[in-house]
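Below is one structure, written out as structure tokens; comments come after it.
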Amino acid sequence: HEQRISNDNDLIGIHHVIRAAALLKRDPEQSLEWYQLAEQTLPETTYNWQGALALGRGFAYMETGDLLHAEHSFAAAVAPSRTCGNLYAAMYAIYNLGRAQMAQGALQRSQATFEYALELARREPQPMQQLVSWAYLGLSEVEYERNNLTSATQHVINAITIGKRRENRE
């Protein structure tokens with residue numbers, strides 16, 4: 001999907017997203033205010049920016065400890081990122097969605113999220129090795145929390161093996 005900046009409001013919305021991201025670690029509450037402004041001005045059809053807005057807002061909520069809103073924001077980042085073809089951002093959102101779910105103790109939902117990430121990455125014409133590796137890392141964390149250490153170890157080994165294959169190609 002080609003995205004065009006069509007008016008000053010588009011630029012204002014983009015500015016708000018960038019400003020919010022710049023404030024994320026230093027002042028997550030203020031960052032959330034800027035993301036709110038961005039949401040009010042950024043057109044829905046600027047998918048890449050909508051994905052960036054939702055992903056960033058998820059991180060800001062994580063910084064404030066609001067895991068439920070973080071979960072919703074990460075989930076909201078997936079569709080616009082996929083729509084504009086930014087699979088990397090979509091997978092990063094899915095990975096962090098699974099981590100937010102895990103932090104809330106929702107291990108079954110988290111596992112399903114990481115398995116969805118694996119499925120999504122494998123469907124790509126050229127599997128996105130780094131993204132597959134993230135999914136395995138997420139699954140290892142879920143298994144570790146369940147005290148299934150053998151399974152957790154196997155997922156970590158898978159993640160490292162895939163990561164090394166990627167490294168050797170570069």
Side-chain angles (χ1 to χ4, degrees), residues 1 3 17-18 20-26 28 31-32 35 46-170:
H1 286 271
Q3 300 176 54
V17 171
I18 294 169
L23 290 167
L24 186 69
K25 288 287 187 183
R26 187 178 54 204
S31 177
L32 286 168
Y35 281 123
T46 53
Y47 300 111
N48 202 30
W49 287 103
Q50 287 290 337
L53 184 159
L55 187 60
R57 187 173 44 208
F59 289 123
Y61 279 127
M62 289 290 279
E63 287 291 316
T64 65
D66 187 342
L67 300 176
L68 184 60
H69 281 103
E71 178 182 356
H72 293 298
S73 293
F74 290 134
V78 176
S81 298
R82 287 189 69 199
T83 298
C84 72
N86 191 346
L87 184 63
Y88 183 86
M91 289 294 290
Y92 197 48
I94 293 168
Y95 174 71
N96 284 287
L97 169 61
R99 296 196 72 217
Q101 292 165 332
M102 192 176 354
Q104 295 173 75
L107 298 181
Q108 199 164 2
R109 279 196 341 252
S110 181
Q111 179 178 357
T113 297
F114 292 129
E115 288 171 350
Y116 170 71
L118 275 176
E119 176 189 323
L120 182 62
R122 287 179 176 154
R123 280 190 293 194
E124 289 303 304
Q126 294 179 335
M128 313 247 335
Q129 298 304 316
Q130 180 178 9
L131 307 180
V132 170
S133 186
W134 285 350
Y136 278 122
L137 284 175
L139 287 170
S140 74
E141 291 177 62
V142 169
E143 293 300 333
Y144 177 82
E145 289 297 321
R146 290 180 172 151
N147 204 29
N148 295 336
L149 301 183
T150 302
S151 182
T153 302
Q154 188 56 54
H155 288 308
V156 168
I157 290 169
N158 289 343
I160 292 169
T161 302
I162 289 166
K164 283 184 177 180
R165 267 192 251 144
R166 180 179 168 262
E167 245 179 50
N168 291 336
R169 284 190 210 138
E170 291 179 350

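Because only heavy atoms are used, hydrogens play no part in the values below, and waters and symmetry mates are left out as well, while side chains stay in.
The side chain to side chain donor-acceptor pair (under 3.5 Å) test applied to S110 returns no partner, not counting sequence neighbours. Judged as a side chain to side chain contact (heavy atoms under 4.5 Å, CB included), and not counting sequence neighbours, the contacts of A159 are S133, Y136, L137. Contacts of Y116 classified as ring pair (Phe, Tyr, Trp, His ring centres under 6.0 Å), with partners at least two apart in sequence or in another chain: none. Partners of S31 by side chain to side chain contact (heavy atoms under 4.5 Å, CB included), not counting sequence neighbours, listed by chain and number: A20, L23, L24, Y35, A60. Applying the salt bridge (charged side-chain N to carboxylate O under 4.0 Å, His left out) test to R109 and every residue at least two apart in sequence or in another chain returns E71. Under the side chain to side chain donor-acceptor pair (under 3.5 Å) criterion, Q108 pairs with no residue, sequence neighbours left out. For Y61, the ring pair (Phe, Tyr, Trp, His ring centres under 6.0 Å) partners two or more places apart in sequence, or in a different chain, are H69. Under the side chain to side chain donor-acceptor pair (under 3.5 Å) criterion, Q111 pairs with E115, R146, not counting sequence neighbours. Applying the side chain to side chain contact (heavy atoms under 4.5 Å, CB included) test to A89 and every residue at least two apart in sequence or in another chain returns S81, N86. Checked against side chain to side chain contact (heavy atoms under 4.5 Å, CB included), L67 has the following partners two or more places apart in sequence or in another chain: M62, A103, Q104.
The salt bridge (charged side-chain N to carboxylate O under 4.0 Å, His left out) contacts involving residues 72-83 comprise nothing, where partners must be two or more places apart or lie in separate chains.
Heavy atoms only, all atoms of each residue included: A54 and A76 are closest at CB-C, 3.9 Å. Closest approach of T113 and G98 over heavy atoms only: CG2-N, 3.7 Å.
Taking the centre of each ring, F74 and Y95 stay at or above the 6.0 Å mark.
Classified by interplanar angle (parallel below 30°, tilted 30° to 60°, perpendicular above 60°), the ring pair W134/Y92 is tilted.
Note that CG of L118 is 5.5 Å distant from CG of L139, once rounded to the nearest 0.5 Å. In this structure, the separation between CG on N96 and CG on L55 is 6.5 Å, given to the nearest 0.5 Å.
Looking at L120 and L87, their side chains come closer than 4.5 Å, going by heavy atoms from C-beta outward. Between F114 and Q101, every side-chain heavy-atom pair lies at or beyond the 4.5 Å cut-off. In this structure the side chain of I94 reaches within 4.5 angstrom of the side chain of M91, judged on heavy atoms.
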With a cut-off of 3.5 Å and sequence neighbours excluded, list every side-chain donor-acceptor pair involving residues 147-157.
from, atom 1, to, atom 2, distance (Å)
N148, ND2, E143, OE1, 2.6
T153, OG1, L149, O, 2.7
Q154, NE2, N158, OD1, 3.2

